[in-house]
Colleague: 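What follows is a structure written as structure tokens; I'll ask about it next.
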Amino acid sequence: MTLYKLPFPSAVNTIVRNIPRGTVMTYKEVAVEAGFSGAYRAVGTLMSKNRNKNIPCHRVVRSDGYTGGYAWNPENKIKILREEGFTINDDGKIIFD
DNA sequence: TAGCTGACGCAAA
DNA sequence: ATTTGCGCCAGCT
């Protein structure tokens, strides 16, 4: 799926926007899909700057299993993920069934 | 133009 | 299994 020749912001934007409900992608996965396999750092940086309501950035989590950060409200992110059907511990760790 | 920062990731201790 | 430190890329000052 790494066929995005678009610049970083556009590529990441498109990918995250196309994440289906009930599905989560890691920052690294998003970077790979965007065509910049090692830009997982830049992905987070970009989202923090953009924080677009059209982009379900709450579906982007860390590879460690933690939800990661959220520009609006970290607890809100966990809440939304739980609504998506994911199980999250009190520590904020996502438990994949 | 050059350097620092950050919603991360992974290897090593 | 957990904690610490280093590396990564693009964006911003």
Side-chain angles (χ1 to χ4, degrees):
Chain A
M1 285 291 279
T2 66
L3 35 83
Y4 289 98
K5 302 302 187 188
L6 302 164
F8 239 9
S10 305
V12 175
N13 188 303
T14 305
I15 295 169
V16 177
R17 205 176 53 200
N18 276 277
I19 299 178
R21 184 185 176 283
T23 307
V24 289
M25 291 182 79
T26 65
Y27 290 93
K28 185 170 186 149
E29 286 294 305
V30 174
V32 173
E33 294 296 302
F36 301 77
S37 51
Y40 38 80
R41 267 284 198 172
V43 175
T45 306
L46 241 163
M47 321 263 348
S48 64
K49 299 280 284 188
N50 280 319
R51 60 176 136 123
N52 232 309
K53 185 57 172 65
N54 311 48
I55 306 176
C57 31
H58 57 267
R59 292 181 190 157
V60 184
V61 298
R62 293 182 38 157
S63 316
D64 300 62
Y66 289 92
T67 60
Y70 202 51
W72 305 339
N73 262 345
E75 52 184 79
N76 193 334
K77 181 173 185 177
I78 298 174
K79 180 181 176 186
I80 295 172
L81 288 173
R82 282 178 174 167
E83 291 297 313
E84 295 282 322
F86 295 100
T87 306
I88 305 177
N89 275 344
D90 297 324
D91 296 331
K93 190 70 155 55
I94 302 178
I95 308 300
F96 296 97
D97 190 44

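As the structure is a prediction and not an experimental result, all values here were calculated from the model. Each chain gets a letter, A, B and so on, in the order the sequences are listed, and its residues count up from 1.
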Colleague: Rounded off to whole Å, could you give me the CG-to-C1' distance for the A:N76 and B:dA7 pair?
Modeller: 14 Å
Colleague: Classify A:A39 by what it touches in the nucleic acid, base, sugar-phosphate, or nothing, heavy-atom distance under 4.0 Å.
Modeller: sugar-phosphate
Colleague: Using whole Å, report how far CE of A:M47 lies from P of C:dA10.
Modeller: 17 Å
Colleague: A:D64 has an atom CG; how far is it from atom C1' of C:dT2, in whole Å?
Modeller: 12 Å
Colleague: Can a donor-acceptor pair be found, under 3.5 Å and without considering hydrogens, that links the side chain of A:K77 to the backbone of A:W72?
Modeller: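 No, A:K77 side chain to A:W72 backbone: no donor-acceptor pair under 3.5 Å.
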Colleague: Without decimals, in angstroms, what is the distance between A:K49 NZ and B:dG6 P?
Modeller: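 Going from NZ in A:K49 over to P in B:dG6 covers 11 Å.
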Colleague: From NZ of A:K28 over to P of B:dG9, roughly how many Å is that when rounded to an integer?
Modeller: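 The answer, rounded to whole Å, is 8 Å.
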Colleague: Indicate, with a heavy-atom threshold strictly under 4.0 Å, whether A:P9 touches base, sugar-phosphate, or nothing.
Modeller: sugar-phosphate
Colleague: For the pair made of NZ in A:K93 and C1' in C:dA1, what is the distance, rounded to whole Å?
Modeller: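 About 12 Å, once rounded to whole Å.
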Colleague: Between A:D91 and A:K93, is there a side-chain N and carboxylate O pair less than 4.0 Å apart?
Modeller: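 No, this pair does not count.
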Colleague: Minimum heavy-atom separation for A:I15 to A:V30, with atom names?
Modeller: CD1-O, 3.7 Å
Colleague: Please state how far atom CG in A:D91 lies from atom C1' in C:dT2, giving the value in whole angstrom units.
Modeller: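 Value for this atom pair: 13 Å.
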Colleague: Touch check for A:Y27, heavy atoms < 4.0 angstrom, all strands: base, sugar-phosphate only, or nothing?
Modeller: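 Result for A:Y27 = base.
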Colleague: Check this one for me: any side-chain N or O of A:R62 less than 4.0 Å away from OP1 or OP2 of B:dG9?
Modeller: yes
Colleague: What does A:T45 touch in the nucleic acid at a heavy-atom separation under 4.0 angstrom: a base, only the sugar-phosphate, or nothing?
Modeller: base
Colleague: Take atom CZ of A:R59 and atom C1' of B:dA7, then tell me their distance rounded to the nearest Å.
Modeller: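 These atoms are roughly 17 Å apart.
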Colleague: Are the side chain of A:R59 and the backbone N or O of A:I19 linked by a donor-acceptor pair below 3.5 Å?
Modeller: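 Yes.
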Colleague: 5'-most contact on DNA chain C: A:F8 or A:Y40, nearest heavy atom basis?
Modeller: A:Y40
Colleague: Quick one: NZ on A:K79 to CD1 on A:I88, what's the gap to the nearest 0.5 Å?
Modeller: 12.5 Å
